[in-house]
Amino acid sequence: AGGGDLEELEGAGPAETRVMEPAGLADAVLATMGLCHDLLPPLPGQTHLTGDPLELATLAASGFSFDPADPATLSHPERGLQFSVLQRHAFSSALKRMSVVVRRTDGSLWGLVKGAPEVLLPLMDPARLPDHYTATAFHHMTRGKRVLAMGFKRLHSPGPGQPIPRSLVESQLCFSGFLVFDCDLKADSKGVVKELKAAGLSVVMITGDSVYTAAEVARKLGIVKAAPKTPSPSGPPVLILHPRASEGGVLWRSGEVDGDSALPQPADKAWDPKALAILAKEHSLCATGPALAELEKHCSRCGQSFDLLLRSLAPLLSVFARVTPAQKEAILLALNRAGLVTLMCGDGTNDVGALKAAHVGVSIVNDPELERRIEGSGGSKKGSKGSARDRMARAMQELQEQEQDPTVVKLGDASIASPFTCRRTSVDAVLSVIRQGRCTLVTTIQVYKILALNCLVSAFMMSALYLRGLKQGDSQMTAIGLVVAGLFFFLSQARPLAAVADRKPPSSVFAPAVGLSILGQFVVHLSSLLAVLALCERYSDGSQALSQAADGRFQPNLVNSAVFLLSALMQINNFVVNYRGEPFTQSLTANTAMLRTVQALYGGLLLALGGSLEPLSDLLQLAPFPNKDFQAILLVVLLCNFGAALAVEKLCQRLE
C-alpha cells in the first residue's frame, strides 16, 4: 500500500525520451503487456474482447492472444511464448495497480505488475531501478501522456493448491519499462470547454490519472493557465498540492505543464488555508488524491472538520488528479455544499458515485471502435477546431453508424447511475443538457407568469362586470379561450439557442424578480381596467343600460364591450411581454408562428375597436362605441397598458 512521490526520489538521472515499438521489446516486457490485464476472453461465437480500451490496445500491441480452447492461456506465436494465468489481482482504485501470477511452459512462475509510476516506485528493487525512472516518467507525463510503470519477478511455488500472497507478488520487482499512451483529445473537447467558459461556467477536471498528465491536458483545453513566455513575478501559472512524503502535511509545488518551458523552478509554497483565495487569483490550483487524504488525516488529528475544509478548497481548484472513486464523490458533495450547481460528465465505473452525487449526471460512451469508424470516414480530424458545425456533422455520422450496427455502442455502469445518457463519444452532450435545461426552465417560468397574470386579469375583469350585473358573451369567452390555447402551443415551440448564454435565468418560479414582475404587471393591468370602467361611465349617454341582471340573457353594451377588448389585449400582452427569448431561446421574431399569430390578433383587436368591420363586431358580440373620442382614449389606454407592462418586465429582468 501507499506510494511515493516522483519528486521525492533523489539523484535522478536525465530522462530517457526514446519510445520503443513493441516489436523491439524484451519478452518480459511483452509478457507484462499481454498478460497483466482484466480483459475477458470472447464468449462462444464471438470474437470481441471485453474490457478497458487501453488494455485492449496494449494486448493488441503485445502480440499475445487468448487460446480459444483455454481462456486462462495466452500465447505469442511469433516469439514462441505461452503462459497460463494462475492468479489475478484486479486493478484497485485505492492501490492504483494490478498484478498476475503466470506459469510459463517450462514450469517457472512469474509475477507481473503494472500501475502508477509513483505507486510502483517503493515496490521496486532499488538495485534494479534505473536512475532515469523519475525523470522519464515526469518527462512523458508533462507532455500529456498516460504513463504506467511495469515490473516483474521470479516466484517460487508455495505448494499445491496454495495461492501466492499479493504482498509477495508486488514486492522487490525488477523494473521492465514504462507503458506510454498517447491519447489525443477528442476533436470537439476544446471547443466545448471554450463555450462553457465563455458562458461563465467553471470547468473542473477530476481524474485518476497523474496530476502532471492532467495538468497538461487541462492546459491544452484551457482549463488551467498556460505557461507565460517570460517569468511572472507571481510565480508559476499552475500550483499542485502534494503530500509531504517524510514530514507529513501538504505543500504547493510548481506544476510544469509546458515541457518546453525554460522557466526556473520556483520554490515550494507552504500550505496556508487562509491564503487560498489569494493563490486562486494568481494561479490555477490542482490537487492530488494523496494530498486530500493527508489533509483529512491532519484534520482528524487536529479535531477539525475536513468537510468544511474541502468545501472551501474544492471551488478554488481546477484539477483533481490521482483521486479514488470515493474522493470523486466527496469532491462533488463538497462543491454542492459550497452552494454551486454541479454537472458531472463521466464514462466509467469509477465515476458512478460522483455521477449520483452531482445535481446533474451525464454519462457518455467510451467506445474506441465507434471513434475509429468515424475517423475512418472522415468525420473527425486532428486539425478540426471543434466548431458547432463540426460537432453536428460528427453527431450525424455517429447516429448513422449506430443505425447500421446497433451493437457498436454498449452502455456501462455509468449509464445506470446517471439520469442522462448520451449514446455518443463526445462531451458536447453537456452543452445540450445545459441548453435544454435552461430552455425548459425559462419556458416553465414564463408559462407560470402568464397563467398567474391571466387568472388575475380574468378574475378582476369578471368581478368588475358582476358588480354591475354584467357578464361576457359566450362568443367572447370562446374566442379568448382559443387564442390563449393557441398562444401557449406556439410558446412551447421555441427552441434553445445554439450558444450557451453567459447569463443565467431565474433559478425558481419563486425568485424575487419573478414575483416583482407579476406584481408590477398586475398593477398595470388593474389600473387599465379601472381607467376603462371610468371611461365608460363618463361617455355613457343613458341610451345603453350599464347594468343588467347577471343571470339574464347576454346583452352587449358599452362596458362589457370595452372590458372585453381590454381583457383580450391584456392576455395577449402577457404572452408578448413575458416571452423571454434571447439569450436562452428563439426570439419572438424568430418564432414565426407565434409572431404572425400575435400580429393577426393585434390587427383584429384594432379593427374591432374601430368598428370598421361589422361582421367581426357581430361575431365578438360587441356594442357600438359612442364616438371617435371614446375610441381614441380607449386606444391610448390599450397602448399604455402594453408599454407599461413591457417596462415593468424589462426592469425586473435587470434585477435577476
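- Distance alone, capped at 3.5 Å, is enough to place a donor-acceptor pair between the Q586 side chain and the R495 backbone.
- One distance of note links CD1 of I633 with CG of L638; it measures 12.0 Å at 0.5 Å rounding.
- Contacts of R438 classified as salt bridge (Lys or Arg N to Asp or Glu O under 4.0 Å), with partners at least two apart in sequence or in another chain: none.
- For the atom pair CG of L491 and CD of Q446, the computed distance is 4.5 Å after rounding to the nearest 0.5 Å.
- Side chains of N578 and Q521: a donor-acceptor N/O pair is present below 3.5 angstrom, by distance only.
- Considering every non-hydrogen atom in both L588 and L595, the closest pair reads O-CB, 3.5 Å.
- Within the 4.5 Å cutoff, the side chain of P315 has heavy atoms near those of the L340 side chain.
- Between L310 and the choices L333, L335, L292, the side chain to side chain contact (heavy atoms under 4.5 Å, CB included) rule is met once, by L292.
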Just list the side-chain donor-acceptor pairs under 3.5 Å for residues 597-611, sequence neighbours left out, or say none.
from	atom 1	to	atom 2	distance (Å)
T597	OG1	A593	O	2.7
Q599	OE1	R596	NH1	3.3
Y602	OH	N573	OD1	2.5

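- Between the side chain of S567 and the backbone N or O of V563 there is no donor-acceptor pair closer than 3.5 Å.
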**Message:** Using the rule given for side-chain contact (heavy atoms from CB on, under 4.5 Å), can you reason through I518 versus L453, listing the C-alpha separation, both sets of side-chain angles and the distance that settles it, and then say yes or no?
**Reply:** CA-CA 7 Å; I518 294 175; L453 289 169; 4.1 Å; yes
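- In this view, A632 satisfies the side chain to side chain contact (heavy atoms under 4.5 Å, CB included) rule with no residue, not counting sequence neighbours.
- Pairing each heavy atom of C439 with each of T585, the nearest pair is SG-CG2, 3.4 Å.
- The main-chain N or O of A513 is never found under 3.5 Å from a side-chain atom of S517 such that the two would form a donor-acceptor pair.
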**Asked** Q571 and V483: side-chain contact (heavy atoms from CB on, under 4.5 Å), yes or no, with the steps?
**Response** CA-CA 9 Å; Q571 296 195 52; V483 166; over 6 Å; no
**Message:** Pair I434, L196 - check side-chain contact (heavy atoms from CB on, under 4.5 Å), show working.
**Reply:** CA-CA 10 Å; I434 295 175; L196 291 173; 3.7 Å; yes
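- F490 pairs by the ring pair (Phe, Tyr, Trp, His ring centres under 6.0 Å) definition with nothing, not counting sequence neighbours.
- Side-chain N or O atoms of N560 include none that pairs as donor or acceptor with a backbone N or O of G473 at under 3.5 Å.
- Two residues are said to be in side-chain contact when any heavy atoms from C-beta on lie closer than 4.5 Å; F460 and H525 fail this criterion.
- For residues 630-656, the pairs satisfying ring-ring contact (aromatic ring centres under 6.0 Å, His included) are Y539-F630, F625-F630, with sequence neighbours left out.
- In terms of heavy atoms, S561 sits closest to A623 at OG-N, 2.8 Å.
- Contact check for F522 versus M570: no side-chain heavy atoms found under the 4.5 Å cut-off.
- For the pair L332/I206, a side-chain contact is recorded, criterion being any heavy-atom separation below 4.5 Å from C-beta on.
- Between the CG atom of L355 and the NZ atom of K328 there is a distance of 9.0 Å, given to the nearest 0.5 Å.
- The backbone N or O of C286 sits nowhere less than 3.5 Å from a side-chain atom of S318 that would complete a donor-acceptor pair.
- Using a 4.5 Å cut-off on side-chain heavy atoms (C-beta onward), P325 and V352 make no contact.
- Checked by atom type and distance alone, the side chain of S492 pairs as donor or acceptor with a backbone atom of F489 at under 3.5 Å.
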**Message:** Would L566 and L529 count as a side-chain contact (heavy atoms from CB on, under 4.5 Å) here? Give the steps.
**Reply:** CA-CA 7 Å; L566 175 65; L529 178 62; 4.1 Å; yes
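- Here the shortest heavy-atom pairing between I223 and K197 reads O-NZ, 4.3 Å.
- Evaluation of the salt bridge (Lys or Arg N to Asp or Glu O under 4.0 Å) test over residues 643-656, restricted to residues two or more places apart or in two chains, returns K449-E649, R580-E656.
- One N or O on the side chain of Q476 and one on the backbone of Q621 form a donor-acceptor pair closer than 3.5 Å.
- Here the closest heavy-atom approach between residue D351 and residue G346 is recorded as OD2-CA, 3.5 Å.
- One distance of note links CD1 of I450 with CG of N574; it measures 7.0 Å at 0.5 Å rounding.
- Here the closest heavy-atom approach between residue A429 and residue V362 is recorded as CB-CG1, 4.2 Å.
- Using a 4.5 Å cut-off on side-chain heavy atoms (C-beta onward), R435 and V500 make contact.
- Looking at heavy atoms from C-beta onward, L565 lies out of side-chain contact with L569 at the 4.5 angstrom threshold.
- Heavy atoms from other residues, nucleotides or ligands lying under 6.0 Å from NZ of K220 number more than 12.
- Atoms CG and CG, on L487 and L482 in that order, are 11.0 Å from each other to the nearest 0.5 Å.
- Side-chain contact between L465 and K471 is absent, with no heavy-atom pair separated by less than 4.5 Å.
- The local environment of NZ in K356 is sparse, with at most 12 non-hydrogen atoms from other residues, nucleotides or ligands closer than 6.0 Å.
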